[in-house]
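Shown next, in C-alpha cells, is the structure this report addresses.
All of these numbers come straight from a predicted model, not from anything done at the bench.
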Amino acid sequence: MGVEADTRATGSRVGARGSLYAQLVLIRRFEETLLDLFAAGKMSGTTHTCIGQEANAVGVVACLDAERDVVVSNHRCHGHYLALTDDVDGLLREVLGREGGVCGGKGGSQHLCAPNFYSNGVLGSTLPLAAGIALAQRERRAGGLATVFAGDGTLGQGVVYESLNFASLWKLPLVTVVEHNGYAQSTPSHLQLAGDVEARAAAFGIATERLDTTDVAEVRGAAERAVAHVRERGEPFFLVVDTYRFAPHSKGDDFRDPGEIAARRERDPLTVAGERLDAEERSAIDAAVEERLERAVAEALAAPVAGSAS
Amino acid sequence: MGVEADTRATGSRVGARGSLYAQLVLIRRFEETLLDLFAAGKMSGTTHTCIGQEANAVGVVACLDAERDVVVSNHRCHGHYLALTDDVDGLLREVLGREGGVCGGKGGSQHLCAPNFYSNGVLGSTLPLAAGIALAQRERRAGGLATVFAGDGTLGQGVVYESLNFASLWKLPLVTVVEHNGYAQSTPSHLQLAGDVEARAAAFGIATERLDTTDVAEVRGAAERAVAHVRERGEPFFLVVDTYRFAPHSKGDDFRDPGEIAARRERDPLTVAGERLDAEERSAIDAAVEERLERAVAEALAAPVAGSAS
Amino acid sequence: MSAPVRCVQALNAGLHELFEQRDDVYLLGEDLLDPYGGAFKVSAGLSTRWPDRVLPTPISEPSILGIAAGFALRGYRPIVEIMFGDFIALGFDQIVNGIAKFREMYDDQVTVPLVVRTPMGGRRGYGPTHSQSLEKLLLGVPGIVVVAASECHDLGGMLADAVTDDRPVFFVENKLMYGRPQRRPENGRIDEFSVREGDGPWPALTFSGNDFGPAEATLVTYGGMLPLALEAATQLVLEEEVFTEVVALARLLPLDLDPVLESVRRTGRLVTVEEGTLTAGIGAEIAARVQEAAWDDLRAPVRRVAARDGIIPSARSLEDEMLPGVDDVVAAVAELRR
Amino acid sequence: MSAPVRCVQALNAGLHELFEQRDDVYLLGEDLLDPYGGAFKVSAGLSTRWPDRVLPTPISEPSILGIAAGFALRGYRPIVEIMFGDFIALGFDQIVNGIAKFREMYDDQVTVPLVVRTPMGGRRGYGPTHSQSLEKLLLGVPGIVVVAASECHDLGGMLADAVTDDRPVFFVENKLMYGRPQRRPENGRIDEFSVREGDGPWPALTFSGNDFGPAEATLVTYGGMLPLALEAATQLVLEEEVFTEVVALARLLPLDLDPVLESVRRTGRLVTVEEGTLTAGIGAEIAARVQEAAWDDLRAPVRRVAARDGIIPSARSLEDEMLPGVDDVVAAVAELRR
Ligand SMILES: Cc1ncc(C[n+]2csc(CCOP(=O)(O)OP(=O)(O)O)c2C)c(N)n1
Ligand SMILES: Cc1ncc(C[n+]2csc(CCOP(=O)(O)OP(=O)(O)O)c2C)c(N)n1
Ligand SMILES: [Mg+2]
Ligand SMILES: [Mg+2]
C-alpha cells in the first residue's frame with residue numbers, strides 16, 4: 001500500500017482524462033464489466049451502476065479543475081470517480097476487495113475517497129458535507145468549489161434543504177447536480193416528489209437550470225454556466241439533469257417497463273457522442289478501452305485479497 | 001389525579017371559549033403572571049411567552065373544531081393551549097410543578113398534552129408528528145384536520161420540508177401556521193432564512209398565504225380560508241403570519257432595539273381587538289380575567305408540589 | 001415433508017396475518033410496493049392485498065418515524081420498515097426525544113403503539129454504512145422496547161406481540177437470517193440441542209447439548225448471532241468435550257436476564273456474544289447486571305465477544321477479520337476455564 | 001485574593017486563547033453572536049473579536065454537524081456548539097455514519113478534526129427534552145473521542161487538547177457546572193481532598209480524603225456529577241467514618257480505566273456514579289471491564305448509581321426523585337460493605 005499512499009498524497013491519482021467520448025466508454029465498459037464479474041461470482045457486496053447516465057459525470061466533471069475543485073458523490077459514484085480521477089485500477093481493486101483498492105478495500109463500491117473526491121452511501125447526508133467543503137473552499141479563497149451529485153429520490157431528505165439554506169445564506173461555492181432518473185430504487189418519482197424540483201432550490205434564492213438530455217456536450221454546456229455562476233458570483237447553483245439508467249438499481253431485479261427502457265436506450269449517451277466521431281476514431285477508442293480494462297481486470301484478479309499483505 | 005385523568009379522558013378539558021378579545025386578554029395576563037411568578041422566585045425551569053403574538057393562537061384556533069381537530073405546538077405553546085382548552089388551572093399547575101398539572105408536572109411549560117393537543121420543545125420534530133396525526137385524520141374520514149404552529153427559525157430544520165413533501169404527496173389535512181416574529185431566540189431572520197418563506201412551501205405544491213397583522217379578526221379570516229381549503233380539497237395549507245413578540249425569548253436578556261419593540265407595541269393585538277369593544281364591556285372582561293387568574297394562582301400555589309400526593 | 005420455511009417467509013406470513021386480523025395495522029417505508037415488495041422482500045404481497053394500508057414513502061427516515069409516531073398517537077398501529085438498520089441513526093431525534101418520551105412525558109394520556117422493523121448485521125460485503133448492528137444504541141433509550149428475531153424463535157408470534165404491545169417496539173431483523181430456514185423446537189429439541197422456551201411475549205430460548213446436564217459455561221446471544229453461538233457450542237463439545245448452555249434472548253430492552261441467571265447458576269461462567277462493536281454493547285449491560293446479581297455463582301468474570309471497535313470494511317477478507325467468529329467464542333470459553 | 005473563576009469563564013477564556021493561537025479554528029452554532037454570546041455564554045466575546053470565524057447558523061443541527069465535518073475534512077478545525085446536549089440526537093446520522101467513519105473507512109486518507117461542545121444534565125427544571133445526559137449514546141460509536149469537563153479539571157487545557165486532536169472530539173459540558181467555581185488542585189489538594197492527576201490529554205483525577213490511606217470503596221464518575229460524588233465521599237467520612245477514593249474521568253471514549261483499576265486495587269470495591277439513565281450507561285461499560293480486569297481485587301460486585309430509566313420530569317420535585325443523589329451513592333457504598 002506504500003505506493004498507493006504516495007500517489008494519493010501527491011494527488012497524482014488525478015490522471016490526464018481522455019476525450020469526453022473516451023470517458024463515457026470507459027465508465028460504461030467498466031461498469032458492464034463489474035456486472036459480469038458479479039454474475040461470474042468473482043465479486044461480492046453490492047454495486048450501483050450509472051449505465052445510461054454517464055453523460056452527467058463526464059459533462060460536469062469536464063468543467064471542474066481537478067486540482068482545486070471537489071466532487072462529493074453518492075451510492076452511484078463510479079462514473080463520478082472515474083471522470084475525476086481516471087483511476088481504473090484503484091476503483092476496480094476496491095470493489096473487488098483486492099490489494100491496491102483506493103480505500104484499501106474498506107470503503108467498497110459506495111465509499112470512495114481520493115484527493116478532492118468523497119462518496120458515501122447514506123442518501124442526503126452528503127449534502128451538508130459538500131456544503132462544509134464549499135465553506136472550506138470559500139475560506140481558502142483559491143477559487144475552488146464543491147460539486148455534489150444527488151439523485152431525485154434523495155430530495156426526500158430534509159438535510160438537502162438545510163444545506164441549500166446554508167449555501168444560499170453563506171454564499172457557498174457549491175454546485176448541486178441532481179441526476180433525475182425518474183426512480184428511486186423501485187419507486188417512481190411521482191410517488192416521492194411533490195411539486196417542482198427546481199422550485200425547491202429557487203425558494204432558497206438559488207439559481208437553477210434544468211435540462212433533459214443525454215448529450216454530454218449539452219451537459220457540459222449547462223455545467224459550464226453553473227460553474228461560471230459559482231466562481232464569478234460566489235453563490236451556489238442547482239442543476240437538474242433529466243436522465244435514465246438502463247441497468248437495474250443495483251444488481252437485483254428490475255420491474256420497469258421494458259418498453260420504457262428500450263425507448264430510453266435510443267438516447268444512449270454513447271451513441272449521441274459516438275455519432276460525432278468518425279467510425280475509425282471511435283473503434284480505436286473502444287478498442288483501447290477494452291484493452292485497458294482487460295489488463296486491469298486480469299491484474300486485479302491476480303492481486304491478493306485486501307489485508308493479506310499487511 | 002383521578003379527576004384530572006377523567007376529565008382528560010372525556011375531553012371535558014375543552015371548555016367553552018370566551019370572546020376572541022377575552023381569550024387574548026386571558027393569554028396575555030396568564031403569561032405576564034408567569035413572568036411575575038418567575039421574578040418572585042415562585043417558579044423554576046423555563047418558559048417562552050407569546051406576549052404580542054396572541055392573535056395567532058386565538059385567531060387560528062377559533063376556526064378549529066376542538067372536538068375533532070388537533071393542534072400541535074412548540075416551545076411557545078401556552079397561547080395555543082389556552083385557546084384550545086381554556087385550561088388555566090391545568091396549565092398553571094403544570095408550569096408551577098404543582099399537583100393537578102395537565103401532565104402531572106412531567107412535561108412542564110414546553111411539553112403539554114390534552115385531548116387533541118400535543119406540544120414538544122424540540123424544534124421541527126413536531127412537523128412530522130403533525131403530518132402523522134393528519135394521516136390519522138385522513139384515514140378516520142371524520143373531516144378532522146391537524147394544525148401545527150412553528151416559528152420562522154424552525155424553518156431551518158430539514159424535517160419541515162420532508163413533512164411538506166409528505167403532506168402534499170399524501171394529501172394530508174394539515175394546516176401549517178408559521179408565526180414569523182422575525183427572530184429565533186437572539187438571531188434575526190435574515191441570518192437564518194434564505195430566499196422566500198412562502199415559496200418554500202409552494203415548491204412542494206402546497207397552497208400558501210402570508211399576512212402581516214396582529215388583528216385577530218384578520219388572522220381568523222385567513223385561517224378560515226386555510227381550514228376551508230383543507231376540509232374541502234383534502235390538501236394541506238401553509239399560512240405565514242408576520243408578527244412580533246414583545247417579551248424576551250424566554251425569561252432572559254433581550255438585546256433587540258427598544259425602539260423596534262416600542263414601534264411594534266403600537267400594534268398590540270389587545271389594543272387592536274379592544275378598540276372594537278365599548279369601554280365598559282372591555283373593562284368587565286379585563287376584570288373577570290384578573291379575578292379568574294388571581295384565584296387560579298392562589299389555588300395553584302396552595303396545592304402540594306407534584307408527586308407529593310401520589 | 002415440505003420444503004423448510006425460510007425466515008423471510010415466516011416474517012412475511014406473520015405480516016400478512018396481522019394485516020388480515022386488524023385493519024388498524026399499516027406499513028410505511030421505502031420501496032414497499034409489489035412486485036418489488038421491499039428491499040429484502042419481507043413485505044412482499046402486502047401492497048397487492050391491502051393497497052390502502054401499505055404506504056410507500058419518500059426517502060425521509062426522520063419523518064417516516066415521526067409520521068408513524070403521530071399516526072400511532074391517534075390510535076393506529078403503524079409498522080415502519082427501515083431498509084437498513086444503519087439508517088435508524090437518521091431518526092434518533094424522533095426516537096429519543098419523541099417516540100420514547102411521549103407516554104411518560106404526557107403523564108400516560110397517550111400511547112405510541114408503533115413497530116419499527118429493520119435488518120441489522122454484516123457478512124454480506126455491504127460496507128461500513130450498510131452492515132452495522134446499531135441496536136446497541138437503542139438500549140440506552142428508556143421508554144422503548146427492543147426485540148431481536150432469531151431463526152429459532154416464533155417469528156410470526158414475535159411480530160404479533162410487537163404490534164399488540166402499546167409501547168413502541170423496535171423489531172431487529174438480520175440480513176443473513178432472512179435466507180436461513182426457520183427452526184422451531186419440536187418436542188423440546190432443535191437438532192442436537194434440547195431447548196427450553198420461556199413464556200410471555202418474546203421469550204428467551206435456552207439450548208443445552210446434554211439435556212441440561214453439567215455444563216461449564218453459558219453463552220448469551222440474540223438474533224443473527226444465534227447460529228454462530230450454537231456452532232461454537234457444538235465445536236466445544238466435539239473438540240474439547242466441553243458442554244455449554246446457549247441462551248438466545250428475544251427481548252433486549254427492557255432486559256430480562258432471568259434465563260441467563262438461571263443458566264449461570266448451573267454453569268458458573270458467562271460469555272456474551274454479539275455482532276455489534278464491543279464498547280457499550282449489550283454485553284456490557286449484561287455483564288454489569290450478571291456480575292452483580294450472580295456474584296456468588298460466578299466462578300470467573302463475564303467475558304464479552306463482539307466486533308472490534310471500528311468500521312465494518314467492505315472487503316469480505318477484512319470484514320471477516322473484524323466481526324466476531326466461532327473461534328472467538330471458543331477461545332473465550334477456553335480462557336474462562338483456565 | 002481575586003474572585004474565583006467560574007467554569008463558564010474558564011471555558012470562555014480557553015476558547016478565546018484558541019482563537020488567538022490558531023486561525024484555522026472556527027465556531028459554528030446557534031445564537032453565538034454578541035451581545036448574546038451563546039445560550040450559556042460560553043462563547044461570549046468571540047464574535048466581536050473574530051467576526052469572520054464565528055458563524056451563526058440556522059436551526060439545523062444535522063447539517064451543522066455535517067458542515068463542520070466537511071469543513072474539517074478540508075483542514076479546518078471547527079468547533080460546533082450544540083445549544084442543548086439533547087439535540088445531538090438530531091445529528092446522529094452525521095455522527096455515526098459520517099464523522100465517526102470517514103477516517104477509517106477512507107483508509108486514513110483523511111482526518112476529521114472537529115470538536116462538538118454541548119451542555120448535558122438536568123436539575124434546572126428544563127424538562128424531558130432539555131435535561132438529558134445523552135453522552136451515553138455516544139459511547140457505542142467507534143471512531144470518536146468523548147470527553148467530559150468537570151469543575152476540577154483544567155477546562156482550558158481540555159479544550160485545547162480537543163482542538164489539537166486529529167480525531168472528532170465530543171466535549172461534554174454541564175449546565176450546573178457553568179456557574180460553579182473552577183477548582184484546580186493546589187499542591188496536590190482541593191479542599192479536604194488530596195488529588196492525583198494523570199498526565200497526557202484529558203487526565204483523570206483521583207481524590208482521597210485521607211491522603212490515599214486505607215479506603216473501602218472507589219467512586220468513579222465524571223463531569224457534572226463530580227461535586228455530588230465528592231459530597232458523598234465527605235458524608236461517608238463524617239457520618240460513617242468510611243473513607244473512599246473518587247476517580248473523576250475526563251475521557252470517556254476511548255475509555256482508559258487504569259486510574260480506576262489502580263484505585264480498586266487499593267479499595268476492592270467500586271461504585272459508578274453518572275447522571276444519565278441506568279441501562280446501557282457508562283457504568284455498564286465500566287462494570288463490564290473492571291469485573292474482568294480486577295476480578296481478583298474485587299471484594300464485592302461493581303454497583304451502579306444512575307438515573308431511573310425514564311424521562312426527566314419538569315417539576316423539580318419529580319426531577320429530584322428520578323435523578324441520582326448523594327444519598328444513593330452513600331447507600332450503594334453501604335450495601336457493598338455489607
Ligand atoms: C438514508 C438512506 N436511505 C435509504 C437508502 C437505500 N437506497 C440506496 S439507493 C436508494 C434510491 C436512491 O434514489 P435516487 O436518489 O433517485 O438515486 P438513484 O439510485 O436513482 O441514482 C435507496 C432508497 C440509503 N442508501 N440511504
Ligand atoms: C432542535 C432544537 N434546537 C434548538 C432549540 C433551542 N431553541 C428553543 S426556541 C429557539 C428559537 C426558535 O425560533 P422560532 O422557531 O422562530 O420560534 P420563536 O421562538 O421565535 O417563537 C431555539 C433555537 C430547540 N428547542 N430545539
Ligand atoms: Mg433516481
Ligand atoms: Mg421566531
Note to self: C:V96 vs D:T129, test: side chain to side chain contact (heavy atoms under 4.5 Å, CB included). Steps then yes/no.
What the structure shows: CA-CA 9 Å; C:V96 171; D:T129 63; over 6 Å; no
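- Heavy atoms closer than 4.5 Å to chain C are found in the side chain of D:L253, but not in its backbone.
- Interface check for chain C: of the options D:P128, D:G91, D:G127, D:G281, the most heavy-atom pairs under 4.5 Å are formed by D:P128.
- The two atoms that bring C:A280 and D:E285 nearest to each other are N-OE1, 2.7 Å, heavy atoms only.
- Residue C:T279 touches chain D through both its backbone and its side chain, counting heavy-atom pairs closer than 4.5 Å.
- Using a 4.5 Å cut-off between heavy atoms, C:P313 does not touch chain D at all.
- Here the closest heavy-atom approach between residue D:K136 and residue C:G140 is recorded as NZ-O, 3.1 Å.
- Within the 4.5 angstrom heavy-atom criterion, only backbone atoms of C:A300 (N, CA, C, O) approach chain D.
- Minimum heavy-atom separation, C:M105 to D:I311: CA-CD1, 3.8 Å.
- When heavy atoms are compared at a cutoff of 4.5 Å, C:L298 approaches chain D by way of both its backbone and its side chain.
- Of all heavy-atom pairs between D:A287 and C:Q291, the closest is CB-NE2, 4.3 Å.
- Contact count versus chain C (heavy atoms, under 4.5 Å) is highest, among D:G276, D:A100, D:P142, D:P62, for D:P142.
- Of the listed residues (C:Q94, C:R308, C:K101, C:E61), the one with the most heavy-atom contacts under 4.5 Å to chain D is C:K101.
- Note on ring orientation: taking the six-membered ring where Trp is involved, the planes of D:F92 and C:F92 are parallel (angle under 30°, cut-offs 30° and 60°).
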Next item on the list: Under the side chain to side chain contact (heavy atoms under 4.5 Å, CB included) rule, what do C:D93 and D:I88 come out as? Steps first, then yes or no, please.
Entry: CA-CA 8 Å; C:D93 169 58; D:I88 59 163; over 6 Å; no
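- Taking both residues in full, the closest heavy atoms of C:V302 and D:E292 are given as O-OE1, 3.7 Å, listed atom of the first, atom of the second, then distance.
- Looking at C:L134, only its side chain comes within 4.5 Å of chain D, counting heavy atoms on both sides.
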